[in-house]
Protein chains: 2
Amino acid sequence: MRSRAIPEATVARLPIYLRALLDLAETQRALTVSSEELARLAGVNAAKVRKDLSYLGSYGTRGVGYDIEYLLYQITRELGLTQDWPTAIVGIGNLGRALASYKGFSERGFRIDALFDNSSEAVGEEVGGLIVRHLDELKDCVAESGLCIGIIATPPTSAQEVAEHFVDAGIKSILNFAPAMVNVPPDVNVRKVDLSIELQILSFYQQRTQAIAAAREANRRLNLPSA
Amino acid sequence: MRSRAIPEATVARLPIYLRALLDLAETQRALTVSSEELARLAGVNAAKVRKDLSYLGSYGTRGVGYDIEYLLYQITRELGLTQDWPTAIVGIGNLGRALASYKGFSERGFRIDALFDNSSEAVGEEVGGLIVRHLDELKDCVAESGLCIGIIATPPTSAQEVAEHFVDAGIKSILNFAPAMVNVPPDVNVRKVDLSIELQILSFYQQRTQAIAAAREANRRLNLPSA
DNA sequence: CCGACTTTGTGATTTGGCTCACAAGCTGCG
DNA sequence: CGCAGCTTGTGAGCCAAATCACAAAGTCGG
Ligand SMILES: NC(=O)c1ccc[n+]([C@@H]2O[C@H](COP(=O)([O-])OP(=O)(O)OC[C@H]3O[C@@H](n4cnc5c(N)ncnc54)[C@H](O)[C@@H]3O)[C@@H](O)[C@H]2O)c1
Ligand SMILES: NC(=O)c1ccc[n+]([C@@H]2O[C@H](COP(=O)([O-])OP(=O)(O)OC[C@H]3O[C@@H](n4cnc5c(N)ncnc54)[C@H](O)[C@@H]3O)[C@@H](O)[C@H]2O)c1
């Protein structure tokens, strides 16, 4: 067995390769793909693709490329997507509803199995083919149906509370959409998705280029050489 | 003027500090905050906070900490959030609707100003106080109301097409929710948010810990020393 | 005003990941 | 079979970012 330490940065790219390979497999233009082409599809450079794939083992053939089906299988296996991951969403508001009715998750092995809320309006409602249950039922539900992944889609003020419910129920992987930090024991893995942050980063770079353009314009008017 | 090159990693954390500071400012417990406390609130370590803030200038006071209001203002300015950024969403389906009715964006200076779709069902409908318009009107609309940021919330097959509409209309900052690469000219900034990828990364680490637990269990049964 | 204490700001070092460049290895053809 | 042409796999060097560690600069109590 080789060194079983795949760099984090590589893990984060495997799903991108996976998607690109699925697209390739569908359009059946060829049985193999070169690191060059995969790089183009994934939007990274070829050396990075090769290095990333080399952490999984030597699955390519020199002079030919990578067998698409085989590579698909290996990445799927490495990411743990050969099994389904029963997933629960807590907080069935605007975002929770969108997530609950999204087909793309189950296509990738994430079966949304249960929805929870604590408001009497939401509980009992049907969303995306599931009945919304009360948060209090979470623990029993995890015990019964072996839920593995928890998604937080409540307002930020409730995020910590919901995280604690998840931890208490034995869930070890949490995806948090609320713009708030949550504290959990070290054996629980939390990932945060913050959509506002992405916009703010865009804002930073856009402002910067606008500022540069404005400065250049000002210089031009003053007949100074551009910096 | 000091070295105007803020590391990317720092830029990505500024919004996190901003949020933490806003929380602090609301609960008015103190006028200043130490790097230690800010670090705790932001979920990073204190040295990193200090180094990040030092890129903006020396806004702290030794022995005391950082003035919350002043730091808030500086980060806001640095991120370009002293102005509003008129934003458009294309693709008013499940996700687009959730985004359109989300109040958190406008609170942070991202005013959702226009919604577009290309299906006759969606066009004309009212969502979050705005009338959905046809994608063909995008260019005129950008010219009129100076839209700055474009959000793609269409299926992946349409992502490239929508991106080209944005580019054609002169938009320089794009946030892409569709799981697909888009190619744009180098002066356009695209950020991608892929929710499935986050789940897949969780899956990887969960599978890994499960595998380790299973191996340990197997060893125990065989009366071998644990690895 | 002094000395104990707190907290910043930043050089120095370490770490992790990216890129380059090329030998190794495969294919196919004459 | 040998050679030309690809493409992988990976060591080496490079660069950005994380962390460390501490002097500098402030506060506060007496
Ligand atoms: N809607 C978006 O597009 C969007 C975008 C970015 C971030 N977010 C974030 O996602 C989260 C959800 O956003 P939303 O727009 O869906 O909000 P929402 O107000 O529409 O829905 C929140 C839901 O959570 C439920 N809830 C509240 N406290 C709860 C608790 N303790 N236990 C269980 N359920 C609880 C509420 O009953 C409600 O149904 C928020 O944190 C928001 O900041 C949303
Ligand atoms: N819904 C979710 O929770 C979720 C989660 C993760 C990712 N996504 C991604 O976000 C995107 C949108 O998801 P959704 O669930 O809202 O899909 P959806 O099918 O509900 O909505 C897509 C909308 O885009 C419109 N559209 C299609 N082609 C268009 C075009 N060329 N120009 C303008 N409008 C067009 C459609 O008319 C529809 O209204 C998808 O790419 C999806 O993969 C969604």
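Here is the naming used below: chain letters follow the sequence lines, and residue numbers restart at 1 for every chain. Side chains are part of it too, since the values below use all heavy atoms of this structure and drop only hydrogens, waters and symmetry mates. Quick caveat, the model's predicted, so the values are computed rather than measured.
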* Identify which nucleotide among C:dA21, C:dG25, C:dG9 has an atom closest to any side-chain atom of B:Arg62, counting heavy atoms from C-beta outward. =>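 Shortest atom-to-atom distance from the side chain points to C:dG9.
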* To the nearest Å, give me how far apart CG (B:Leu71) and P (C:dT7) are. =>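 Going from B:Leu71 (CG) to C:dT7 (P), I get 16 Å.
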* **Polar side-chain atom of B:Thr10 near backbone of B:Asp52 as donor-acceptor pair, under 3.5 Å** =>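 Checked: no pair found.
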* Minimum-distance nucleotide to A:Arg13 side chain [options: C:dC18, D:dA21, C:dT8] ->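 Closest of the options to the side chain of A:Arg13: C:dC18.
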* To do: Figure out the OH/P separation between A:Tyr66 and C:dT27, and round it to whole Å.
  =>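 Those two atoms, OH and P, are 15 Å apart.
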* Could you give the NZ-to-P distance, from B:Lys51 to D:dA17, as a whole number of Å? ->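 B:Lys51 atom NZ is separated from D:dA17 atom P by 12 Å.
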* Between B:Thr61 and A:Val33, just flag the one whose closest nucleotide in DNA chain D comes earlier from the 5' side. =>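 Checking each residue's closest nucleotide, the 5'-ward one belongs to A:Val33.
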* **Atom-to-atom span, CD1 of A:Ile6 to P of C:dC18 - whole angstrom** =>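 It works out to 14 Å between those atoms.
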* To do: Would you please confirm or rule out a distance under 4.0 Å between OP1 or OP2 of D:dA17 and any side-chain N or O of B:Lys48?
  =>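 False: B:Lys48 side-chain N/O out of range (4.0 Å or more) of D:dA17 OP1/OP2.
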* **Carboxylate-amine/guanidinium contact A:Glu78 B:Arg208, below 4.0 Å** =>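 Looking at A:Glu78 and B:Arg208, the cut-off is met.
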* Has B:Asn45 got a side-chain N or O lying under 4.0 Å from the OP1 or OP2 atom of D:dT19? ->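 For D:dT19, OP1 or OP2 has a side-chain N or O of B:Asn45 closer than 4.0 Å.
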* A:Tyr55 has an atom OH; how far is it from atom P of D:dG11, in whole Å? ->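 After rounding, the gap between these two atoms is 10 Å.
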* Taking for each residue the nucleotide of DNA chain C bearing the nearest heavy atom, is the 5' side occupied by A:Pro7 or by A:Gly63? ->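 The residue mapped nearer the 5' terminus is A:Pro7.
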* B:Arg50 has an atom CZ; how far is it from atom C1' of D:dA24, in whole Å? ->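 My rounded result for the distance is 13 Å.
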* Asked: Within the structure, does a side-chain N or O atom of B:Ser35 lie under 4.0 Å from either OP1 or OP2 of C:dT7?
  ->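 Indeed not, no polar side-chain atom of B:Ser35 lies that close.
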* Asked: Tell me: CG of B:Leu53 to P of C:dT7, nearest whole Å?
  ->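 To the nearest whole Å, that distance equals 15 Å.
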* To do: Begin with the C-alpha distance, continue with both residues' side-chain angles, and end with the deciding distance and a verdict on side chain to side chain contact (heavy atoms under 4.5 Å, CB included) for B:Thr27 and B:Asp23.
  => CA-CA 6 Å; B:Thr27 57; B:Asp23 286 353; 5.8 Å; no
* Are A:Ile112 and A:Leu99 close enough that some pair of their side-chain heavy atoms sits under 4.5 Å apart? ->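 A side-chain contact is absent here, since even the closest heavy-atom pair is not under 4.5 Å.
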* Nucleotide of C:dT8, D:dT27, D:dT7 approaching A:Ser34 most closely (side-chain heavy atoms) ->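 For A:Ser34, the side-chain atoms sit closest to D:dT7.
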* Going by the side chain to side chain contact (heavy atoms under 4.5 Å, CB included) test, name the single residue among A:Val49, A:Asp67, A:Val64, A:Ile68 that passes it with A:Val33. =>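 Exactly one option meets the side chain to side chain contact (heavy atoms under 4.5 Å, CB included) with A:Val33, and it is A:Ile68.
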* **Separation of atom CD in B:Glu8 from atom C1' in C:dC18, rounded to whole Å** =>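 Those two atoms, CD and C1', are 13 Å apart.
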